[in-house]
Amino acid sequence: MSDSAKPTLLLVDGHSLAFRAFYALPVDSFVTRDGQHTNAIHGFLSMLLLLLQKERPTHLAVAFDISRYSFRTREYADYKGTRGETPPEFMGQVPLLEEALAAMNIRTLSKEDYEADDILATLATRGKDAGYNVLVVSGDRDTIQLVDDDITLLYPNARGVSELKRYDRDAVVERYGVEPHQYPEIAALVGETSDNLPGIDKVGEKTAVKWINQYGSLENLLASADEIKGVVGQNLRDQRDRAERNRRLNRLVRDVELPLGPDDLARAPINPAAVRAVFDRLQFRTLLERVLKLASEEGVTDAVAPIAPVDDAPGIPPTPVVRTMVDEELALWLDRASAGGTTPLGLQLEFGPSGLAGFGIATQDDSVYVPWAPGRPDYAALERWLASASPKAMHASKRQYKALDAVGLALNGIMYDTMIAAWLLRPSFKHDDLATLVYDHLGETLPEGDPNQLLPEQEGVSPATEAWYILRLVDAIADRLDDGSTRVAREIELPLVPVLGRMELTGVSVDRDGLRALGSSLSASAADHASSAFDVIGREINLGSPKQLQQLLFEELGMPKTRATKTGYSTDAASLADLQEKAPHPFLGLLLQHRDVTKLNQIVETLEKSIADDGRIHTTYDQTGTSTGRISSNDPNLQNIPVKTEVGRRIRSAFTYGEGFESLLTADYSQIEMRIMAHLSGDPGLIEAFNEGEDLHRFVGARIFGVSPEDVTPTMRTKVKAMSYGLAYGLSAFGLSKQLRIETAEAKQLMTDYFVRFGAVRDYLRNVVEQARVDGYTETIFGRRRPFPDLHSPNRVLRENAERAALNSPIQGSAADIMKIAMLGIDSDLNEQQLSSRMLLQVHDELIFEVAPGELETLTEIVRTRMGSAAQLSVPLDVQVGTGTDWDAAAH
DNA sequence: GGATGTACGTA
DNA sequence: CGTACGTACATCCG
């Protein structure tokens, strides 16, 4: 068999190459936004892609060490003992690299008690015997011994991993002067500093090569050691045990027991969705394109079944053939498939350029496509099924609920939503992509249309097939969901879907003219401030450009440097306020005012643009948009409408009630997070504070400063308030001092005094983090979980960020749970009592309603009751209700 | 045109 | 060196 006809097996030493990459690329140039270092991953993958392109291997595997310990360290405790601590910036990268490789469907292997090189040696040997052309990629010189006519070593040079030197048999002989299999004997004599294996004193490569060539082998050399003259001869005789030990240790094991042989390592198609997800997280843009390009060149993104699982898992059920159905046939099928409305079916809508295009409906082993042509076939049975409580499993059900509403169809019986369930399982990731879920939970590849192709060569799958996958995902995800999260899904999140859907459909009425007038006045004001600012500095600059501001402030005006940012020095409001104190300049004030009004003007403009034809703004809530359990709002975001300043509140005033209604009602929880802290910590002082019903910060201030509540000064109250709120965020003394603009010592003292009085709060917060470290996750009062893998990260920034987030999550998350439960109760009461008043908006701890004529009293009662009793805590839940003609007025 | 960084609005 | 978000702009890149 000629070499070119042979299959090529590429074997990579993962740790060794990743480590080389780590030192070849600057650590600081490869950091994600949240502080994860990625230089080793980037370097490794970049090298691997080059190899795949150049060598076109048919078979591929990457081997990793499991730990520093192996049978070698047991034989010689100091093996590799000189290696310092692995840099923390490197350690966290290996698991991520393994994830990236998994997404690319590349096999990774490791074996307890062995090193990666032993795995390579085993696979290389078996590959050679099976007729492969073998390429070994490693930065460990021990692998030289593997080289022969069929096995070639690719070894990184000093410059890193981008260039690999090719060692075939001839190259080894040329470089080292011995046959490859003799190289470990040279190494045994010379020693290997990096492995902490001292050799024979005074023996270097030259001598060793001479000896081995002269005697043929280490064994013969040692047998004839008496013949060697001089000091080196004496050293050899005195230290022969070193050489023997070295030789034992540097011999790679060629018969490690492995679950896979070379034939199992055939390259498999990559999963574009999974690759995209992992690479997005690593913020690898160019690499992503390279991977996708290579894959499409090789034609390995096709919907080929993924690599077979190592241990035989149950086989993949065959995808049912999609049948298109309408009319009576569909009616019969629906009734039979749903067993008269008791068995869940998968449901997935299809959207075309002009809206709803069709339905995919599936059972475990059947899938049906229903084209949507309004008014033509008989859809009565379908409509009945959709509107009935007959259970449906869907993905992103809220969007579909709304789409159905738009064509006049009702949807009930949302029994499962795979997007929501997957989010509950891992709330820190986005799960809107069905293909990613299919890969993550079923290990299969759902073909996607290529977004880079104008005219996709590959059609996405039928919605019917997607519906079938959704049904299969339900089982796969439900299996992995703990009881608490399952309850949250069933009792909170799924019932909330139609509630949120209706709120979005309803929208909120906005005073268009009022907004326009406000916008004009803000633009005029912005122009005024800008021109005054330009007068002061004598020229015009772009006030919105941080770069130009830096140039002006720090170079031309020579102001003291502020907080450093990635691109220079900060010009944010806090920094400018600092500057105003240290180096007063009229420009600073004008700039700040300009910022204020332009920001508000932007908000006004954005809102104006999003007013729909019905004169209302319809935001979209993202039910899976946060890691804590809150919902987020977008297009436009109605959860960040200004409230703090007078002008800001005028924007709020533009939100009003629509025709047929008489006012707006707002209801908000007061200090819900502090109440949850009181409940969770059981702190007697804090619980008493809330049960007293007195102003919280005044009460706490009185305790801390040892005065009576009426003697708490505004300054004292401000400090206490900042401290209380900061607690739930993991605030440090440093942060507190910065916020209150007081000395760190004073902040420290404040914290100390606080915890003297409210020690249980501190104990609770500490315990949350400690418990999370053990469990790997935190939990809300209702059992909503959030995993925190970074609590064990060697990267300090990541770890400490995780600690603060872990501390905050049960508090913020429990508050979110409570609000959601209240919303469900209110929605249910409104329906049951057939009220016309409507819930419009949710802003985390606040709800806004549109009050129908004559319903104010009933609505107020419902809202107060449902919000106040959404959870039974050891402190009361206080609800503030207000009404008015607009959002601002109602809030007073 | 898309990604990134900075800044800033809310709870 | 305080949690959780979304949006807009300037800027850089290809």
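A note on names: the letters A, B, ... follow the listed sequences, proteins ahead of strands, and every chain is numbered from 1. From a predicted model like this one, the values you see are computed outputs, not experimental measurements. Computed over heavy atoms, backbone and side chain alike; hydrogens, waters and symmetry mates excluded.
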Measure from [atom1] on [X] to [atom2] on [N] and round the result to the nearest Å.
X        : N      : atom1 : atom2 : result
A/Ile818 : B/dA11 : CD1   : P     : 18 Å
A/Gln639 : B/dG9  : CD    : P     : 17 Å
A/Lys820 : C/dA4  : NZ    : C1'   : 13 Å
A/Leu807 : C/dC1  : CG    : P     : 17 Å
A/Leu798 : C/dT3  : CG    : P     : 13 Å
A/Gln623 : C/dC5  : CD    : C1'   : 16 Å
A/Asp280 : B/dT4  : CG    : C1'   : 14 Å
A/Arg290 : C/dG14 : CZ    : P     : 13 Å

Mark yes or no for a side-chain to base donor-acceptor pair under 3.5 Å between [X] and [N], with no hydrogen or angle criteria applied.
X        : N     : result
A/Arg595 : B/dA7 : no
A/Asn640 : B/dG9 : yes
A/Gln739 : C/dG2 : yes

* **Electrostatic pair A/Glu746:A/Lys719 at N-O distance under 4.0 angstrom** =>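 Result for this pair is yes, salt bridge flagged.
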As a test of reading the structure: which of [options] is closest to the side chain of [X], going by heavy atoms?
X        : options              : answer
A/Pro642 : B/dA7, B/dT10, C/dT3 : B/dT10
A/Phe734 : C/dC1, C/dT3, C/dG6  : C/dC1
A/Arg804 : B/dT4, C/dT7, C/dT3  : C/dT3
A/Lys566 : B/dA7, B/dT6, B/dG9  : B/dT6
A/Thr626 : C/dA4, B/dT6, C/dG6  : C/dA4
A/Asp845 : C/dC5, B/dA11, C/dT3 : B/dA11
A/Ser545 : B/dA7, C/dT11, C/dA4 : C/dT11
A/Asn637 : C/dA4, C/dT11, C/dG6 : C/dG6
A/Gln602 : C/dA4, C/dC1, C/dC9  : C/dC9
A/Lys644 : C/dG6, B/dT10, C/dG2 : B/dT10

May I ask you to verify if any side-chain N or O of [X] is less than 4.0 angstrom from the OP1 or OP2 atom of [N]?
X        : N     : value
A/Ser627 : C/dC5 : yes
A/Thr565 : B/dT6 : yes
A/Ser632 : C/dG6 : yes
A/Ser732 : C/dG2 : yes
A/Thr571 : B/dA7 : yes
A/Thr606 : C/dA8 : yes

* For C/dC12, give its Watson-Crick or G-U wobble partner with both distances under 3.5 Å, or none. =>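 Answer to the pairing question: B/dG2, which forms a Watson-Crick or G-U pair with C/dC12.
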* **Partner nucleotide of C/dG2 by Watson-Crick or wobble geometry (both distances under 3.5 Å)** =>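 Pair assignment: C/dG2 / none.
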* **Geometric class of the A/His42/A/Phe30 ring pair [parallel <30°, tilted 30-60°, perpendicular >60°]** =>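 The rings of A/Phe30 and A/His42 sit tilted, inter-plane angle from 30° to 60°.
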* Name the orientation class of the two ring planes belonging to A/Tyr754 and A/Phe758 (parallel below 30°, tilted from 30 to 60°, perpendicular beyond 60°). =>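 Ring orientation of A/Tyr754 relative to A/Phe758: tilted.
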* Asked: 5'-most contact on DNA chain C: A/Arg630 or A/Asn634, nearest heavy atom basis?
  ->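 Closer to the 5' end of DNA chain C: A/Arg630.
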* A/Arg426 NZ/CZ over A/Phe429 ring centroid, <6.0 Å and within 45° of normal ->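 A/Arg426 over A/Phe429 ring: yes.
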* Asked: When rounded to the nearest Å, what value does the distance between P atoms of B/dG5 and C/dC1 take?
  ->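 One P to the other, the span is 16 Å.
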Distance alone, cut at 3.5 Å: any donor-acceptor contact between the side chains of [X] and [Y]?
X        : Y        : result
A/Ser575 : A/Ser570 : yes
A/Ser809 : A/Arg786 : yes
A/Ser814 : A/Arg784 : no
A/Glu556 : A/Gln551 : yes

Using a heavy-atom cut-off of under 4.0 Å over every strand shown, decide if [X] touches base, sugar-phosphate, or nothing.
X        : answer
A/Arg786 : sugar-phosphate
A/Asp668 : nothing
A/Gly648 : nothing
A/Ala733 : nothing
A/Ser633 : sugar-phosphate
A/Ala728 : nothing
A/Lys547 : sugar-phosphate

